[in-house]
Amino acid sequence: MTFDLATFLEEAGVGRRVVHLQPKQVFFSQGSSADSIFYLQTGRAKLTVVSPGGKKATVALLRAGEFIGDESLASVGGLYLTTASAIVVCTALQIAREEMIRVMHEEHSLSEMYMKFLLARSMRTHADLVDQLFNSSEKRLARILLLFAEFGEPGKPEPFIPPITQDDLAEMVGTTRSRVSFFMNRFRQLGLIEYDGRIRVHKSLLNVILHDHFTEQELRVRGGVKGTSVHEPGQ
């Protein structure tokens, strides 16, 4: 039979099954046996790692169309190096290690797609590293919000990002919740975002990344931040 890549990544079959996860549910945990790779069909997920000292950090944000758990293809008996968890409701195809390797050997379309994914992941990882090393917490928060909003894709409106708490954003940025709240207030004061139960990101938020100290300059012109606070959903 002719191999259909879309069908392979959408439907259950030999060595693969469709799984559904609720927010905060895990695909796999750091240190567990890496026996499967996941293809995220819908939803948003993140990769986190915990240091030997117990410090937790978010190392990647994932969206539909990406693979999760590359370690499973590296070696037999390997372990997952991170914990993958759902940010919102997710649907994914869980593919057994042996089945994924077999089909990649036999079907050029899958191996080519996976190579393109790895190259894109590598480029984004480099960008994340530069962001972490050289950018301020404010810029890192702006970049994360823009990534969630998927800016850069033509023809899309300014969207609401998936529901997320300020604690989660603080973990991703690598700062405190109070700092995230402070920056969110500034973004809203400048009209860069809207916040009414959910966050709506405007393209003008790109200015925070493209121009150094953009918000400080703008706020001096406007006379400072008003005494407003950003509340999370339900507060």
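As the structure is a computational prediction, the values presented were derived from the model and not from experiment. The analysis underlying the following values was restricted to heavy atoms, covering all of them including side chains, and did not include hydrogens, waters or symmetry mates.
For the pair Arg198/Arg200, no side-chain contact is recorded, criterion being any heavy-atom separation below 4.5 Å from C-beta on. Side-chain contact between Pro23 and Ile87 is absent, with no heavy-atom pair separated by less than 4.5 Å.
Taking both residues in full, the closest heavy atoms of Phe148 and Arg44 are given as O-NH2, 2.6 Å, listed atom of the first, atom of the second, then distance. Taking all atoms of both residues into account, the shortest heavy-atom contact from Phe8 to Leu93 is O-CD2, 3.1 Å.
Of the inter-residue distances, the one linking Ile193 atom CD1 with Phe160 atom CZ reads 11.5 Å to the nearest 0.5 angstrom. Rounding to the nearest 0.5 angstrom, the gap separating the OH atom in Tyr114 from the CG atom in Leu73 is 4.5 Å. In this structure, OG on Ser32 lies 13.0 Å from CZ on Phe27, to the nearest 0.5 angstrom. Atoms CG and CG, from Leu141 and Leu169 in turn, are 6.0 Å apart once rounded to the nearest 0.5 Å.
Side-chain polar atoms of Ser36 and Gln94 form a donor-acceptor pair below 3.5 angstrom. Between the side chains of Gln25 and His20, no donor N or O sits under 3.5 Å from an acceptor N or O.
A donor-acceptor distance shorter than 3.5 angstrom exists from the side chain of Ser136 to the backbone of Lys139, with no hydrogens or angles considered. Proximity of a side-chain donor or acceptor of Gln166 to a complementary backbone N or O of Val180 within less than 3.5 Å is not detected. Listed for the Thr125 side chain is a donor-acceptor partner under 3.5 Å among the backbone atoms of Arg121. Between the side chain of Arg63 and the main chain of Leu147, no donor-acceptor pair closer than 3.5 Å is present. Judged by distance alone, the side chain of Glu112 and the main-chain N or O of Ser109 form no donor-acceptor pair under 3.5 Å. The backbone N or O of Ser72 sits less than 3.5 Å from a side-chain atom of Arg97, completing a donor-acceptor pair.
Of the residues listed (Phe38, Phe117, Tyr39), the one engaging Glu66 in a side-chain contact (heavy atoms from CB on, under 4.5 Å) is Phe117, and it is the only one.
In summary, Glu98 and Arg102 do not engage in a salt bridge, as defined by a charged side-chain N under 4.0 Å from a carboxylate O.
Residues passing the side-chain hydrogen bond (donor to acceptor under 3.5 Å, both in side chains) test with Arg16: none are found, sequence neighbours excluded.
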